[in-house]
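For reference, the structure is listed below as C-alpha cells.
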Amino acid sequence: MNHRSWMRSQGFTSEVFDGRPVIGIATTWSELAPCNVHLHRVAESVKRGVWQAGGFPLEFPAMALGETLLRPTAMLYRNLLAMEAEELIRANPLDGVVLLSGCDKTTPGLLMAASSVGLPAIMVTGGPKLNGKYQGTDVGSGTAVWRWEEDLLAGRMTQEECAFAEGCMSRSDGHCMTMGTASTMASMAEALGMQLPYSASWPAVDSRRYETAQRAGQVIVDLVEHDVTPDKIMTRQAFENAIRVNAAIGGSTNAVVHLLAIAGRLGVPLELDDFDTLIRDVPTLVNLQPSGKYLMEDFCYAGGLPAVMRELGGLLHRDALTVTRKTVGENVKDAPCWNRDVIMPFGQPFQAAGTGTAVLRGNLAPDGAVIKQSAASPHLLKHRGRALVFDSPEAYHQVAADPDLEVDEDSVLIIRYCGPKGYPGMPETANVPLPAKLLKRGVRDIVRICDGRMSGTAYGTVVLHVAPEAAAGGPLALVRTGDWITLDVPARALLLDVPDEELAARRAAWTPPPRTATRGWTWLYTEHVQQANTGCDLDFLTGASGHQVGRESH
Ligand code: FES
C-alpha cells in the first residue's frame, strides 16, 4: 500500500499495479546539455509505446553530460553517470529500462550502467542535428569550428563572421551531426544490437525519431517478457561487429575507450589491439565529416547504418542477437542504399581497408596509443621529427601565436599531462590548433602526440591515448624539446630516439605532478581511474553486480 499510495499522487489508476512490467526511462535531458534538450519529448514517445505494449513507464533523470559546457571535460563524469544510473536502475523497482542519450558521454555512460545491472534494456539516442548551413555550404558541428578557429588565427575570417557562422552551424535540436563521438556512439549502440535499426541516424527533429522511440517503448516490454538482458546482446561477437562498423563509418577514436569500458562491465574479453587487428580488412565506406564530405542527415537519407552493415556482408557476425530479438543479419538483409556517394560500395570504398584506427606501440607508448589514419595526412604517417614539448594545453596556447616560436612543419608537438589522472579526465586536447607561424605559411597539419583524447569531429595527424599517461609516470613524461621522435604507422611504432640510460636518468629525476584534488569526485576519480588502454573506467566499477539490492546476483 505504501508503494502504491505514494505513486497514486501522480494520478495513476490502480490498474498500473496489476503486475505489468515497470519500465524505467532514464533520461539525460538538461538545458545544460543542449544536445539532449529534446529528450523529454522523446521520453513521451517511449511512454506511448510502453503503455501500448502493456507496460507501466516511469521516467527518471540521470546525470546529463553536455560536452561543450562541462569543465574540465565531460569525460571526467562519464563514470559518475554510469555509477549514478546503475544505482538508480537497481535501487528502484524496475523490470526493464529505456536509456535516452545523445551527447558523447551519455551513450557509453548509460550502456555501462545497464551492463552492470543486467536488467533488460534498450537505448534510444536523441539523433543528430540537421546539417549546418553557412554561405551556401553544409557545415558540420565541431569540424567547422576547428577550421574556423584556424581561419581566425590565420586572419582568413573575422570575429563577426565567426559569430554569425556559429548560429548557422547549430540550427536544430540534436547532437553533433558529423561522424563525431555522439554519432559514432549512437552507431555503436545500434551495431552492438542495443538500439533499433536506423535509430542512430534519424535526425533529432525527424518524426521517425519519435516513431522509433515509440517502437522502443513496445520493444522493451517484449524484452522484459522474454528476459533478454544486455549480456545476451552485447557479446564478444557484438563488440567485434561494433569495432568493424566503427571502421566502416570512419568513427571516432573515442569509441575505443568507451567500448573497452562497456565490455569491462560485461566481462567480455576485449583488448586495445582488437581495434587494430579486427579492422585491417575493413574499408571506410561512409563519406562523412570529419574524414569526408557529408553529414548525418545525408547519411540517414542514404540508408543509415543498416545499409553499411549490409554492405559489410560476412565481415560481421550476422547471427548476433539484437533488441529486435532478431539477428543482425535478419535486421539488415534488405537494407537499401539510396546514395552511393555517401555510403560507398565495399568494392569501391571511400578509403581502402586498413586506414581506420591504428594501435601504436613502442618505448613512448608501452601500453599503446591510437591514431585515426583516415583523419591524418598521408605524408605524415611515416615521420621523424624533433619534439616540441608542453606540459599542458594552456602552456601551448600561451605561445601558439608567437611568431618566433621554434617550430617548423617537421616538428612533433607534444601536449602531455592530459590523461585520465593528469588533467584530470582525459580531455579532448590532443588536436590543438597549429602554431600561427605555421598556419600563416599555409601548413595545415603536423604530427601531434598527446595522452589525452581528440574530439571525434576533429582531424589531423594526432597520436592519442598514449598509455601510460605522463601523470602516471609513462615515458611521455620523460620527453624533452629537441628529442627525436619516430612515428611509423604502417609499422605501428611510436618511438622516442633517446638511449635507455638517458631515459633512466631522466626517470630518476622525474617527480609526479601534485594531486589535482584532495576530496570529492575528482579525488575518487584520480585515485581509481584506469588507463586509456583499458577504457578509463574506475577500477572498482568494472564488472557487474546484478539487479538485486544489497547482494550481488551475478
Ligand atoms: Fe554534444 Fe557534440 S557537443 S554531441
Side-chain angles (χ1 to χ4, degrees), residues 27-40 42 62-78 81 99-111 123-132 138-149 165-190 195 199-206 209 246 249-255 257-258 288-291 295-297 299-300 372 375 425-431 452-459:
T27 177
T28 48
W29 170 87
S30 166
E31 288 183 341
L32 288 167
C35 306
N36 294 17
V37 82
H38 59 303
L39 290 182
H40 61 296
V42 175
M63 192 177 182
L65 304 178
E67 199 63 29
T68 52
L69 298 184
L70 278 169
R71 294 169 290 174
T73 164
M75 183 63 175
L76 178 61
Y77 305 104
R78 181 201 66 179
L81 162 62
L99 312 166
L100 301 191
S101 67
C103 202
D104 297 13
K105 308 301 177 295
T106 51
T107 299
L110 288 178
L111 284 175
M123 176 151 267
V124 182
T125 52
K129 297 182 209 299
L130 296 175
N131 288 5
D138 284 359
V139 287
S141 36
T143 304
V145 172
W146 311 122
R147 191 159 291 124
W148 292 338
E149 199 173 305
E166 68 196 23
C168 302
M169 190 181 67
S170 300
R171 63 190 188 91
S172 82
D173 284 338
H175 58 66
C176 291
M177 81 311 253
T178 48
M179 188 50 82
T181 306
S183 300
T184 299
M185 291 312 300
S187 301
M188 292 300 89
E190 188 173 324
Q195 69 170 340
S199 194
S201 56
W202 298 127
V205 295
D206 196 302
R209 161 77 37 211
N246 192 40
I249 62 176
S252 164
T253 46
N254 284 322
V257 285
H258 296 323
L288 251 62
Q289 295 181 31
S291 303
L295 295 166
M296 286 297 285
E297 194 181 337
F299 182 53
C300 172
K372 185 175 179 178
M426 203 183 175
E428 294 177 337
T429 48
N431 53 304
R453 295 174 301 118
M454 174 169 91
S455 165
T457 61
Y459 51 86

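Order of listing sets the numbers, starting from 1, for every ligand and every atom in it. Just so it is clear, the model here is predicted, and its values are computed rather than measured. Starting from 1, each residue takes its place in the sequence as its number. Below, each value reflects all heavy atoms present in this structure, side chains not excepted, and no hydrogens, waters or symmetry copies.
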Residues His38 and Arg209: side-chain donor-acceptor under 3.5 angstrom: no
Inter-residue atom distance [X].[atom1] - [Y].[atom2], 0.5 Å rounding:
{"X": "Lys105", "Y": "Leu76", "atom1": "NZ", "atom2": "CG", "answer": "11.0 Å"}
{"X": "Tyr77", "Y": "Leu65", "atom1": "OH", "atom2": "CG", "answer": "9.5 Å"}
{"X": "Lys129", "Y": "His175", "atom1": "NZ", "atom2": "NE2", "answer": "9.0 Å"}

Minimum non-hydrogen distance to atom 1 (Fe) of ligand 1, winning option of Pro34, Cys35, Gly102, Ala182: Cys35
Option among Thr253, Asn254, Asn431 that satisfies the side chain to side chain donor-acceptor pair (under 3.5 Å) test with Arg453: Asn254
Atoms of ligand 1 less than 4.0 Å from [X] heavy atoms?
{"X": "Asp104", "value": "2 (Fe), 4 (S)"}
{"X": "Thr68", "value": "3 (S)"}
{"X": "Glu67", "value": "3 (S)"}

N, O or S from Cys176 under 2.8 Å to atom 2 (Fe) of ligand 1: yes
